[in-house]
Enquirer: 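Just dropping this structure here.
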Amino acid sequence: MYMSKKKFDEIKAKHSTTIVVDADVGEALAFVQDLLEAEADAIKNREPHATASIGRLNEAAYEVFSISNEIDAEEFDDGK
């Protein structure tokens, strides 16, 4: 992750009514990932030819998953 831990903590503090404890970050990201995946599935069922939208949603869901894993592993840029 290219973001610094300091920037991450600033963003987390900005959302202090949602992010009360560190575990809330993972829960929030899991929620977003689930929403993106569910919308991609819904579009697949109703509009299977909308492959660009389906692909973008799936890619976004994967990026959220990836960021969540990097946060869990504390893979922040330390400026080196």
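Because only heavy atoms are used, hydrogens play no part in the values below, and waters and symmetry mates are left out as well, while side chains stay in.
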Enquirer: Could you tabulate the donor-acceptor pairs under 3.5 Å formed by side-chain atoms of residues 33-44, not counting sequence neighbours?
Expert:
unit_1 : atom_1 : unit_2 : atom_2 : d
Q33    : NE2    : E37    : OE2    : 3.0

Enquirer: Is a side-chain donor or acceptor of D24 paired with a backbone partner of V21 at a separation under 3.5 angstrom?
Expert: yes
Enquirer: Verify the cluster assignment for I19 and L29: are they in a single hydrophobic cluster under the rule of side-chain heavy atoms below 4.5 Å apart?
Expert: yes
Enquirer: Under a single-linkage definition using a 4.5 Å side-chain heavy-atom cutoff for Ile, Leu, Val, Met, Phe, Trp and Tyr, are I11 and I71 assigned to the same hydrophobic cluster?
Expert: yes
Enquirer: Please collect all ring-ring contact (aromatic ring centres under 6.0 Å, His included) contacts where either partner lies in residues 4-54, sequence neighbours excluded, each pair once.
Expert: F8-F76
Enquirer: So, for S68 and G26, which heavy atoms are closest and what is the spacing to 0.1 Å?
Expert: OG-CA, 4.4 Å
Enquirer: Would a single hydrophobic cluster contain both I67 and F65, if residues Ile, Leu, Val, Met, Phe, Trp and Tyr are joined by side-chain heavy-atom contacts under 4.5 Å?
Expert: no
Enquirer: Can you establish whether the number of heavy atoms outside E75 located under 6.0 Å from its atom CD is more than 12?
Expert: yes
Enquirer: Should V25 and K12 be marked as a side-chain contact (heavy atoms from CB on, under 4.5 Å) after you check the CA-CA gap, both sets of side-chain angles, and the distance that decides it?
Expert: CA-CA 8 Å; V25 172; K12 193 169 65 167; 3.7 Å; yes
Enquirer: What distance do M3 atom CE and D9 atom CG have between them, rounded to the nearest 0.5 Å?
Expert: 10.5 Å
Enquirer: Looking at E10 and K7, is any side-chain nitrogen of the basic one under 4.0 Å from a carboxylate oxygen of the acidic one?
Expert: yes
Enquirer: Would you call D78-K5 a salt bridge at under 4.0 Å N-O?
Expert: no
Enquirer: Under the side-chain hydrogen bond (donor to acceptor under 3.5 Å, both in side chains) rule, collect the residues that match up with N45, sequence neighbours excluded.
Expert: none
